[in-house]
Amino acid sequence: MATSRKAEDAIRDTEGASEPVVAPVAVSDQLMLVLDGFEGPLDMLLALGREQKVDLTRISILELADQYLAFVAEARKVRLELAADYLVMAAWLAYLKSRLLLPALEDEEPSGEDMAAALAFQLQRLEAMKEAAAKLFTRHRLGHDVFARGAPEDIDIRRKSVYEVTLYDLLRAYGEHRKRREGGVLHIAPIRLYSMEDAVRRLSGLLGHMPDWATLASFLPGEEGGPLLTRSAMAAHFAATLELAKAGRVELRQDGAFTPLYVRSARHDRDGDAGGE
Amino acid sequence: MIKEVTNPEEVEARIGKLRLLEALLFASADPLDEETLAARVGPDVPALLEELRAHYAPRGVNLARTGAGWSFRTAADLAPLLRQEEEVSKKLSRAAIETLAIVAYHQPVTRAEIEAIRGVTTSKGTLDILMEHGWIRPGRRRETPGRPLTWVTTDHFLDHFGLETLRDLPSVEDLRAAGLLDSRPVLLGLGGLADDAPAAPAPDDED
Amino acid sequence: MIKEVTNPEEVEARIGKLRLLEALLFASADPLDEETLAARVGPDVPALLEELRAHYAPRGVNLARTGAGWSFRTAADLAPLLRQEEEVSKKLSRAAIETLAIVAYHQPVTRAEIEAIRGVTTSKGTLDILMEHGWIRPGRRRETPGRPLTWVTTDHFLDHFGLETLRDLPSVEDLRAAGLLDSRPVLLGLGGLADDAPAAPAPDDED
């Protein structure tokens, strides 16, 4: 299903950002996946609500909740990943539905009806703002429909604005300053841990000096680096002994689980060093 | 409104003032307030402005009052002949347009309230863009816990949309009467009810 | 020069053209030549221009022919009155804007502190310009060795930037939320370095 694939990707891309979100719309019974930017779950509820083709003041919240929950169920069936706030809304609507359908318990505040009314109000308010925004942008706008003097003459009769600096300039400057200070240049501090390469190099140097079984711990560097460095040194030296054993340069022995690990030079190294046995 | 003057000297003085007023307003691309104009022209500026407005009303350039000031603007009915390719609003996202409307109708309004109305978190850059256009600015902090910053529209917003005052916003009275300009968050647990309190106390207001 | 027209439709068409011509000339940043105008208005542009010129001749704004084009200009005889307080508006340097922002956010702040915050030395002229403009003024001396002078913003600063109080300056968190400040990339990794030293010294103003 090519469309859902695209929708899925789009949702994943915008997840966390919350806007614009791509989501399917349920039209009558059939779930249709359309690529359309929804500005979050409330926006989507509003779109679903418009399909009831009634005045928003007379909208059926129960029906709306059903539509939304059906959409979420369908969306999950086709393994569509939904942004978290869509799921939060679904959970809230499922709760609201249960409150509307079940007999009200005493002392429960707010009532299911209150919650439904609050949601209806939110939808109306959002709708009102969308309409207001549309009306605002159909007005004759400066620089688009109506024009100012194209060639203003250099007569600044308001002395106080000799310097053209706006609050935006000021805040922008401070923002940029902070940005520079906070991380204009990203310095990644070197990670001071013992690497296996370090340990191999170190143990190789010590090879001649460990003809007899000795605990691995005795070869570890001192603790001046702090606990984290000591732990990493332990891990690195352990890995290094395995690496050296594989190369036939050391022998390893452990008497039981969690007991000290012993290490000594492999025979030929000892031979070379001690003149034979 | 237009006082009859017969004394020739008075007539001449008046004409001189009208010409100066005309020139001052013409020279400036931005609206000029009456106070500024009065300082240059004289105390009878309001009457002179009305006279100029009447003179220019039928012409291709009109004298308009927007926000806090007066300015010459091309006549609105010529818009179809003058209209230029949209640049500004093309770049404006739906989120930005909606957010601007919410700031305009609900001001002063906090970011959390904007988010409660829209039901989503405001992405970074939305308020930034509106501020860059010079349409919104920070208003007073709300004296509630966390002292959140509020946002309000600017005079330039009024100028841009050709509004004399905020009362001239489309349908504003109807919306207010219908109770739809209540910006309180209404549903707890519903998206976008971000806490208004900044994560850390504002560092710079200890005095 | 001005052709007599009596047919009402013709009169109306002529007025429409005059209004468009007026608006085009008003809104244009550069003088417009007759050819360009004729393409928008019609072939009778030369006659219409003469009519406009005659109409504006006694007014505070004149239609003038400059070089190959036409443009509105304020009347030459008003120049002395207009130029009375003429000041070419200047752009403030980036350093000055940043310094002003730092004074606003960190006041009272000494010059040495400004330099420490900005990481560069502040030229003498920068603070002078800001002070000359009435945006900053010397505050109390800091009771530390050398008793350095501190700088604070003025009421005029608030006035200019449309702020009621200093507390209405957006906090760093507000700036971040508005998109004016991108947050630093977060390095998820080893919590403590070997020596358990903090990754970077705590910023001096996060208190």
Side-chain angles (χ1 to χ4, degrees), chain A residues 17-21 37 39-46 84-86 88-89 91-92 95 115 117-119 121-122 124-158 161 166-168 171-172 175, chain B residues 24 26-30 32 36-37 39-40 64 71-76 79 82-84 86-89 93-95 97-98 100-102 104-106 116-121 123 131-132 134 137-138 159-163 169-172 175 178-182 186-187 189-192:
Chain A
S18 283
E19 53 183 347
V21 157
E39 303 271 346
L42 202 60
D43 191 40
M44 194 178 129
L45 267 179
L46 186 59
D85 42 354
Y86 283 80
V88 169
M89 176 63 95
W92 190 87
Y95 174 66
M115 290 165 69
L119 178 58
F121 170 74
Q122 278 210 314
Q124 285 167 41
R125 187 170 63 180
L126 181 59
E127 171 97 329
M129 282 303 106
K130 282 177 182 291
E131 279 170 5
K135 273 186 205 157
L136 201 53
F137 277 82
T138 54
R139 288 187 66 85
H140 289 310
R141 293 194 288 127
L142 186 64
H144 179 230
D145 308 286
V146 165
F147 297 87
R149 176 77 194 277
E153 292 167 43
D154 274 344
I155 303 163
D156 191 340
I157 71 167
R158 284 170 302 179
S161 54
T166 64
L167 182 60
Y168 178 75
L171 299 182
R172 177 108 244 165
Chain B
L24 286 170
F26 220 85
S28 171
D30 298 317
L32 297 173
T36 308
L37 291 168
R40 298 297 299 273
S71 54
F72 276 116
R73 297 286 182 248
T74 56
L82 297 176
R83 189 161 292 149
Q84 286 189 352
E86 190 82 46
E87 277 185 30
V88 169
S89 68
S93 65
R94 234 177 84 188
I97 290 173
E98 265 177 45
L100 178 64
I102 291 169
Y105 283 79
H106 290 261
I117 292 169
R118 298 190 59 234
V120 287
T121 47
S123 68
M131 198 171 170
E132 191 172 7
R137 64 176 179 84
D159 191 24
H160 185 89
F161 290 96
L163 299 161
L169 281 170
S171 323
V172 69
L175 291 173
L180 291 171
L181 297 189
D182 183 349
V186 286
L187 288 187
L190 205 51

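Heavy atoms only: backbone and side chains are in, while hydrogens, waters and symmetry mates are out. All chains are named by letter (A, B, ...) in the order of the sequence lines, taking the proteins before the strands, and each is independently numbered beginning at 1. Here the structure is a predicted model, which is why all the values come from computation and not from measurement.
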Quick one: CD on E132(B) to OG1 on T166(A), what's the gap to the nearest 0.5 Å?
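The CD atom of E132(B) sits 9.5 Å away from the OG1 atom of T166(A).
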
Grab the two heavy atoms, one from R118(B) and one from L126(A), that are nearest each other, plus how far apart they are.
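Answer, listing the atom of R118(B) first, then L126(A): CA-CD1, 3.9 Å.
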
R125(A) and L180(B): which non-hydrogen atoms are nearest, and at how many Å?
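It is CG-O, 3.5 Å.
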
Interchain contact, F161(B) with chain A, by part (heavy-atom threshold 4.5 Å)
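Its backbone and side chain both get close to chain A.
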
Sort L175(B) into side chain, backbone, both or neither according to what part of it lies under 4.5 angstrom from a heavy atom of chain A.
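Contact with chain A is through the side chain of L175(B) alone.
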
Heavy-atom pairs under 4.5 Å with chain A: which of G179(B), A178(B), A101(B) has the most?
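Heavy-atom pair counts peak at A101(B).
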
Counting heavy-atom pairs closer than 4.5 Å to chain A, which one of A104(B), G162(B), A76(B), A64(B) comes out on top?
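Most heavy-atom pairs within the cutoff with chain A belong to A76(B).
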
Going by the rule side chain to side chain contact (heavy atoms under 4.5 Å, CB included), which residues pair with E127(A) if we only count those two or more places apart in sequence or in a different chain?
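Counting only residues at least two positions away or on another chain, E127(A) forms a side chain to side chain contact (heavy atoms under 4.5 Å, CB included) with L46(A), R50(A), L56(A), E131(A).
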
